[in-house]
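Read through the structure below, which is laid out as structure tokens, and then see the notes.
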Amino acid sequence: MLRVNINGASHSCAAGTILSALRRAGVRVPTLCDDPRLAPIGGCRLCLVTVNHDPRPVAACTAPLADGMEIETHTATLEALRRTQLRLLARHYPREALDRPATNEFLYWVGKYGLTSELGTADVPQRIDDSHPCIHVDMSRCIECYRCLRICEEVAGRFVWRAWGRGDRTEIRPHDSLPLVESNCVSCGACVDTCPSGALLDQTARHQKLPTAEVRTICPYCGTGCEIYAQVRDGRLVGVRPVLDSPVNYGHLCVKGRYGWEFVHSADRAARPMIRRGESWEPVAWQEAIEFVAGKLAEIVAQHGPQAVGMLGSSRATNEENYVTQKFARVVLESNNVDCCARVCHAPTAAGMKIMLGTGAATNSFDDIEQARTILLCGVNPTENHPIVGDRIRQASIRGARLIVIDPRRIELAEHATVHMQLRPGTNIPLLNALAHTIVAEGLCDPAAIAHVETWEKFRRFLDDFAPEQVAPLCGVEADAIRQAARLYATHKPSMAFHGLGVTEHVQGTEGVMCLVNLAVITGNIGLPGSGVNPLRGQNNVQGAAHMGCDPGVLTGSVPVAQRQIFETVWNSPVPTRPGLNLMQMIDAAGRGELKALWSIGYDVALTNPNAKETVRSLRSLELLVVQDLFLNETARVAGTVFLPACSSFEKDGTFMNSERRIQRVRKAIEPLGESRTDWEILCGVARAMGKGDKFAYRSAEQIWEEIRLVWGAGAGISYRRLQGPGLQWPCPSEDHPGTTILHREIFSGDNRIRLRAIDYRPSPEQTSDEFPLLLITGRALYQFNAGNMSGRSKAGLFQPSDSLQISSCDAERLNISDGQKVRISSRYGQVELSAAICDRVLSGQLFATFQSTAGWVNCVTGPHRDRFVQTPEYKVCAVRVERASD
Ligand code: SF4
């Protein structure tokens with residue numbers, strides 16, 4: 001610590017800048033170019049201070065603190081200088097804007113220095129760009145602090161804003177002087193968030209009064225789990241801004257987090273319970289809806305047994321709600337038929353990593369990105385699907401980290417990659433084995449790690465068949481690229497692997513994850529900062545939903561049903577032992593008439609499951625389909641019996657678990673809309689109606705969490721009190737445990753033994769043919785989210801209002817398809833029509849489509865093939881034919 005004197009008072013301060021010391025000491029000086037997210041530039045000259053009585057002032061934001069400094073902050077000279085500086089900054093500022101209430105930092109300081117009435121210029125020409133649906137630009141209010149430009153470079157890594165001209169003629173505009181909406185802006189709103197002058201504003205903020213409250217909570221979209229402030233006025237959400245001190249997003253958000261909240265107040269929000277009578281939905285009282293569901297469930301269980309009912313938890317619901325869901329299935333319905341949408345995304349990750357490492361979750365933290373020297377991205381597209389992680393990876397690469405990208409498409413981060421292997425869809429296994437082969441053959445393994453491998457010789461011999469030259473033609477990748485990637489990953493360490501659904505949504509999904517673990521183990525890239533195997537989980541609480549026990553085989557904390565004793569004690573109820581059905585098996589059983597009732601919470605099965613025709617047929621075979629959601633989704637529309645209106649995450653308390661195992665608090669910002677209720681309250685209501693109310697007598701989310709702590713040892717140390725700050729990563733077994741940022745630190749020590757897996761390649765049954773010559777990959781994109789139920793009702797969704805089909809220019813030309821043209825896609829399972837988007841991100845012979853809406857309903861063409869370990873569908877390989885829709 002440094003001893004300094006500030007305005008005559010002695011202070012003990014940590015090293016840093018003078019400005020940081022002033023802030024810690026509670027001394028406020030004006031700043032306009034400073035933002036804690038940005039490198040200081042000392043540009044606005046408002047934070048001038050004198051040091052050791054030197055008459056030449058220094059900018060506090062750039063000057064380093066030194067021991068013994070005597071700092072003066074508000075001498076008459078300094079204050080006069082600040083007034084002069086404010087006059088300079090305001091020389092082009094519109095007079096009429098100065099007359100408005102001080103709604104930004106600049107107006108605040110102008111007012112504070114008593115300059116409001118004397119500054120500003122009349123008749124400043126407006127420089128408005130209103131092209132962007134989320135961001136209003138009025139550069140007549142720019143004070144040239146360059147914060148927009150700097151945050152776009154230093155945080156978002158996008159370089160949208162540029163300074164044009166010099167001196168007094170400097171103007172800040174998007175690159176190529178394009179309207180903002182036509183630039184390469186990704187609408188993250190970081191520039192708006194930092195702008196101190198009102199030159200950049202959220203469109204929504206222009207037409208409403210300032211928020212009266214801000215509630216710290218979690219973004220409702222992806223598994224990154226960014227922390228946000230939900231801004232509230234008059235009981236309504238009016239905006240979102242990022243939390244600066246969040247260890248996940250450090251004051252940054254993507255377009256969905258910042259501009260994807262309006263779905264909450266959407267006019268078609270279904271906020272009343274409803275029962276389907278014939279073809280129409282009839283609103284009913286809660287009591288009637290609950291009694292209807294309870295009565296039908298009891299009747300079906302009595303007639304057909306507990307195997308005839310199933311429940312689906314939700315990645316949209318909190319940990320507490322998913323815990324209550326699986327407890328309801330097991331205690332009230334006496335069935336292990338409970339699952340969640342992890343089945344259709346990262347169940348292979350949980351299985352593969354648990355088999356090999358003992359824990360089915362990310363080994364490291366997002367903070368390791370900045371420590372990795374090599375980052376391997378396999379079947380994952382972070383800049384679109386986990387944009388804050390993507391931005392951190394892009395910044396890491398700009399600073400020198402090397403990227404290896406394994407993806408059939410030329411994803412955005414491939415532009416930064418040292419090696420991009422554009423493999424043929426479905427050939428992950430031979431490619432990953434070829435990387436391992438090269439590492440072993442070239443002697444690049446980590447000897448200390450190999451010493452702990454118990455099947456080393458067998459594994460080494462198995463790899464003989466996977467020389468890069470052998471697999472290159474199969475994978476469509478150059479052998480040299482495989483060798484280069486292998487050398488980089490093995491030697492330029494630490495190397496951190498991220499993977500996504502491009503690994504898991506294959507018939508060998510679980511085995512693909514195991515191959516990634518093989519690579520990490522043989523190179524010693526486990527248990528160290530900047531290393532590990534890290535799934536990027538799709539939806540915000542999908543990790544938590546499965547981990548809370550919405551899985552037929554495991555209870556809360558991934559405890560096998562066979563080890564159920566603690567649950568039976570805490571629940572004071574037996575846990576059924578008959579193996580349960582997973583989601584895919586439930587849909588199959590419904591199709592066979594064996595499953596009679598399904599309760600689907602926050603999950604649009606009909607829209608998002610593959611092979612939609614069969615899925616819908618199965619759903620229509622059910623006697624009871626309870627849909628619990630914010631909207632009458634496609635599942636409700638095609639086959640729902642009862643609709644129960646649920647709350648969004650802005651309307652409830654609880655916790656989410658992000659991709660790096662971090663438990664974070666979800667906090668209620670507004671009251672539940674209409675008659676909607678939290679998922680746990682609905683479940684408890686039905687449990688009471690079914691005579692099990694004593695086991696579901698919860699009064700708050702925290703009370704449920706306290707019960708979770710009793711049954712989940714690795715989360716026992718995580719209390720709501722400890723979650724007031726930035727969350728905790730499990731394992732965290734006791735109240736004095738700091739949480740675990742890196743798993744498996746001891747893996748290569750002592751007597752630990754690791755078994756590698758020899759994974760043979762088994763080609764997908766889904767092969768191209770003369771009739772279906774192209775391979776379709778499905779996935780998400782930046783502006784929409786999964787089923788577009790939320791993003792499609794928000795400004796974020798305006799940028800991509802409908803699904804489209806990415807097709808290479810070469811295939812488009814061959815098929816006589818023009819950009820934007822309607823095309824028909826046919827597979828062995830169905831047909832859909834989409835607009836073609838000609839782009840060179842996909843190779844000839846391959847296609848890519850999103851699946852956000854029923855207008856396209858892309859899952860009408862995806863097929864029935866599944867991973868053999870966990871039955872995750874193979875969304876990433878589908879043989880299709882494409883033709884002009886008009887032909
Ligand atoms: Fe939300 Fe994910 Fe975007 Fe963060 S990266 S703001 S969690 S959608």
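Order of listing sets the numbers, starting from 1, for every ligand and every atom in it.
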Checklist entry - Where does the angle between the aromatic ring planes of H132 and F799 fall among parallel (under 30°), tilted (30 to 60°) and perpendicular (over 60°)? => result tilted

Next on the checklist: Report whether any nitrogen, oxygen or sulfur of C222 sits less than 2.8 Å from atom 4 (Fe) of ligand 1 (N, O or S, backbone or side chain).
Outcome noted: no

Item to check | Side-chain donor/acceptor of R147 to backbone N/O of D34, under 3.5 Å | outcome: yes

Checklist outcome for this item: Here the pair of heavy atoms bringing P220 nearest to R316 is O-NH1, 3.2 Å

Checklist entry - What residue and heavy atom of the protein are closest to atom 7 (S) of ligand 1, and at what distance? => result C226 N, 3.3 Å

Checklist entry - CZ/R258 to OH/Y221 distance, rounded to the nearest 0.5 angstrom? => result 14.5 Å

Checklist outcome for this item: Atoms of ligand 1 under 4.0 Å from any heavy atom of L253, numbered from 1 in the order shown, are 6 (S)

Next on the checklist: Please list, in number order, the atoms of ligand 1 under 4.0 Å from a heavy atom of Y221.
Outcome noted: 8 (S)

Checklist entry - atom 3 (Fe) of ligand 1: which protein heavy atom is closest, and how many Å away? => result C254 SG, 2.2 Å

Next on the checklist: Just verifying a value: how many Å separate H499 NE2 and D407 CG, rounded to the nearest 0.5 Å?
Outcome noted: 13.5 Å

Item to check | atom 1 (Fe) of ligand 1 contact by C219, N, O or S atom under 2.8 Å | outcome: yes

Checklist outcome for this item: Within the 4.0 Å heavy-atom cut-off, what P387 brings close to ligand 1 is both

Checklist outcome for this item: Checking L728, T740, T363 against R661 for side-chain contact (heavy atoms from CB on, under 4.5 Å), the one that qualifies is T740

Item to check | Ligand-side contact atoms (ligand 1) for residue partner G225, heavy atom cut-off under 4.0 Å | outcome: 7 (S)

Checklist outcome for this item: For I388, the ligand 1 atoms with a heavy-atom partner under 4.0 Å come out as 4 (Fe), 5 (S)

Item to check | Heavy-atom gap N249 to ligand 1 smaller than 4.0 Å | outcome: no

Checklist entry - Going by atom types only, do Q543 and S659 share a side-chain donor-acceptor pair under 3.5 Å? => result no

